[in-house]
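Counting begins at 1 with the first residue of the sequence.
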Amino acid sequence: MPRKMLQFTHLPQRQPDKRGAAERRGDFGEISKAFTESSAGEQSSRCEQCGIPFCSIHCPLGNNIPDWLMLVAAGRMEEAYAVSSATNTFPEICGRICPQDRLCEGSCVLEQSRHGNVTIGAVEKHITETAFAEGWVRPALPAIERGDSIGIVGGGPAGLAAAEALRRKGHGVTVYDRHDRMGGLLIYGIPGFKLEKSVVERRIRLLAESGVRFVTGTAIGRDVPFDELRARHDAVLIATGVYKAKPLGIPGDDLPHVHAALDYLIAQNRRDLGDSVPLLDARGKDVVVIGGGDTAMDCVRTAIRQGAKSVKCLYRRDRANMPGSKREVSHAEEEGVEFVWMATPESITTEGVRANRMHLGMPDASGRQSPVVIEGSAFTLPAGMVIAALGFDPEEMAIPGLALSAWGTIETDDGLMTSLDGVFAAGDIKRGASLVVWAIKDGRDAAESIHRYVSAKTAQAAE
Ligand SMILES: Cc1cc2nc3c(=O)[nH]c(=O)nc-3n(C[C@H](O)[C@H](O)[C@H](O)COP(=O)(O)OP(=O)(O)OC[C@H]3O[C@@H](n4cnc5c(N)ncnc54)[C@H](O)[C@@H]3O)c2cc1C
Ligand code: SF4
């Protein structure tokens, strides 16, 4: 049913319903239900169709949001999908896991004028799920085969977005990953309650159908030397992510009940995928997760679902200053997680985590107030399991001639080419731990540059 736009004055914002906290604590399924066609249309019709769309400006992909909202409101779903998929390789994934409150929805003019933002992420997911159901999402089959070969190291969102774009243009593409599955953190990091595994696997199948070649269980630099990889391909993209966990660096951090966040999450994700691997199991334990980012939120919510006796999240700043998505904090609280704000760990024993209270002191160079320990405020949280979730740095890379930043990320020019001719970099390994949507943006941009580079090389060879 076609609808008029600008309906925000009388239609209140409604996100899709969530499953109740009691129900979702019992499984790893996604917590948000889907929009119906009519609720997606209604919510889309709230859009103000701004002349300067701040939502698009603050979407890393520059998605044409007002246009696809207008098309959904008009019931023109196939066109909405065409517009949405023109700028985003995996819109149904971003619709689910982008921190929209910090990106598109946080910049919506309706949010700024206190009417409540348009539910952009949920509509984006609805458009692509409708497209899958209707058979509009098809493999990117190229019109011509160029007969060249691009090697991509890393099958996370950056590598896969580049693979799709390059294949669409007719390049031969091989993606290598050291894991036994493609998907990177989409498959082994982010839990199913945010992004069900079948959603990622569906995309990987489509890429395989388009002719992308996947080589799993192969670590470049260990199983295949980097020079050999360069010799195999006309261009190489490094999209290896960042995996070196930041250490706690306190007494007791090597005790057997202290685990790295990713080890914990990977074991649970493998179980969800049907692998018979041992779990790092929180059942019946008091769990303390140290950290305040997305990874910490995923760990606390995983522990709840595993049946922990209690789950606490220890973070050294306050709620307003935490890096994780506010929406995820509310989900965690609804599910029974207790947040211990303004507290930092001092040591870990077999009994628990000894911590100190903090206050926010003078702003540092970035303008953020630095947390300072309150003397004499020490307390102990009982813990049978401690999970360290302080974030990630790049692993050491020993590739001769590859320029790195002071933080160990790969330096590139504006076209994402590294200091090595024909070697490009994208995603977290280029920008540091970031977001899926930025990895997709980088992957698409790198594909464009690689296409230009390889085409010029082919033209030169033909002269
Ligand atoms: C627990 C967790 C939760 C997150 N939640 C969110 C979220 O909700 N929303 C969001 O937007 N972002 C989230 N992020 C961040 C997001 O997942 C990353 O920014 C994104 O996945 C980066 O994509 P990438 O392709 O650069 O790297 P990755 O996804 O890390 O993929 C890199 C791939 O390279 C492979 N690899 C590494 N080295 C080699 C090698 N030598 N040879 C072969 N293969 C190699 C790895 O196995 C991996 O598959 C989360 C991150 C974590 C850790
Ligand atoms: S990709 Fe992310 S930031 Fe962009 S419109 Fe979709 S949900 Fe918003």
Side-chain angles (χ1 to χ4, degrees), residues 60 99 102-103 152-154 156-159 161-162 177-178 184-185 189 219-222 225-227 229-230 235-250 253 260-263 290-296 315-317 321-324 344-345 358 360-372 388-446 449-450 453:
R102 303 204 306 257
L103 299 170
I152 297 179
V153 192
D177 203 291
R178 61 187 176 187
L185 290 172
I220 301 303
R222 185 192 66 197
F226 190 72
D227 279 350
L229 186 82
R230 276 184 89 186
V236 167
L237 174 66
I238 306 177
T240 46
V242 290
Y243 283 92
K244 193 168 92 181
K246 290 188 202 286
L248 285 172
I250 53 173
D253 64 1
L262 216 46
D263 293 346
I290 301 172
D294 281 332
T295 306
Y315 181 56
R316 65 196 183 124
R317 297 177 193 262
N321 284 290
M322 71 179 300
T344 192
M358 313 288 282
L360 289 178
M362 298 298 285
D364 61 17
S366 69
R368 238 172 139 206
Q369 281 180 287
S370 307
V372 181
L390 297 185
F392 303 93
D393 287 321
E395 294 163 290
E396 276 81 31
M397 262 174 298
I399 301 176
L402 185 70
L404 302 179
S405 71
W407 298 272
T409 49
I410 300 178
E411 299 264 33
T412 68
D413 63 16
D414 291 347
L416 300 181
M417 176 131 63
T418 69
S419 51
L420 297 174
D421 184 51
V423 178
F424 297 76
D428 281 4
I429 192 59
K430 183 236 160 346
R431 58 173 70 242
S434 180
L435 293 173
V436 168
V437 64
W438 279 113
I440 296 172
K441 159 87 175 137
D442 280 356
R444 293 170 68 95
D445 288 352
S449 295
I450 292 170
Y453 172 86

> Could you give the distance from CD1 (I290) to NZ (K246), rounded to the nearest 0.5 Å?
Replying inline: 15.5 Å
> For R316 and P371, which heavy atoms make the closest approach, and how far apart are they?
Replying inline: O-CB, 3.6 Å
> Atom OG1 of T418 and atom CZ of F424: how far apart are they, to the nearest 0.5 Å?
Replying inline: 8.0 Å
>> Minimum heavy-atom separation for M417 and G422, please, with both atom names.
In response: SD-N, 3.1 Å
>> As an exercise, state the distance from NZ of K244 to CZ of F392, rounded to the nearest 0.5 Å.
In response: 13.0 Å
>> Please give me the minimum heavy-atom distance between A261 and A389, naming the atom from each residue.
In response: CB-CB, 3.9 Å
>> Using 0.5 Å steps for rounding, measure from the CG atom of N321 to the CG atom of L360.
In response: 6.0 Å
> Do the side chains of Y315 and P323 get nearer than 4.5 Å, heavy atoms only?
Replying inline: yes
Result block: side-chain N/O donor-acceptor pairs under 3.5 angstrom for residues 425-439, not counting sequence neighbours:
residue	atom	partner	partner atom	Å
D428	OD1	S434	N	3.1
K430	NZ	T412	OG1	3.3
R431	NE	D442	OD2	3.1
R431	NH2	D442	OD1	2.8

> With S405, which residues qualify under side chain to side chain contact (heavy atoms under 4.5 Å, CB included), at least two apart?
Replying inline: W407, T409, E411
>> Can you list everything that forms a side chain to side chain donor-acceptor pair (under 3.5 Å) with D421? Sequence neighbours excluded, please.
In response: Y453
> Out of curiosity, D445 CG to I450 CD1, how far, rounded to the nearest 0.5 Å?
Replying inline: 11.0 Å
> Which pair of heavy atoms, one from P157 and one from I440, lies closest together, and at what distance?
Replying inline: CB-CG1, 4.2 Å
> Who pairs with R230 by salt bridge (Lys or Arg N to Asp or Glu O under 4.0 Å), at least two apart in sequence or on another chain?
Replying inline: none
>> Between S449 (side chain only) and L416 (backbone N and O only), is there a donor and an acceptor less than 3.5 Å apart?
In response: no
> Do you know which two heavy atoms are closest between L390 and G291, and how far apart they sit?
Replying inline: CD2-CA, 4.1 Å
> So, do V423 and I410 sit near enough that their side-chain heavy atoms are less than 4.5 Å apart?
Replying inline: no
> Can you tell me how far CG of D294 sits from CG of L185, rounded to the nearest 0.5 angstrom?
Replying inline: 11.0 Å
> Considering residues at least two apart in sequence or located in another chain, which fulfil the side chain to side chain donor-acceptor pair (under 3.5 Å) criterion with Y243?
Replying inline: none
>> Contact between F226 and I238 at the side-chain level, heavy atoms closer than 4.5 Å - yes or no?
In response: yes
>> Tell me every residue that passes side chain to side chain donor-acceptor pair (under 3.5 Å) with D263, counting only those two or more places apart in sequence or in another chain.
In response: none
> Are E395 and R178 close enough, and set up right, to give a salt bridge (charged side-chain N to carboxylate O under 4.0 Å, His left out), and what steps lead you there?
Replying inline: CA-CA 14 Å; E395 294 163 290; R178 61 187 176 187; 3.1 Å; yes
>> If you count every heavy atom of other residues, nucleotides or ligands that lies below 6.0 Å from D413 atom CG, does the total exceed 12?
In response: yes
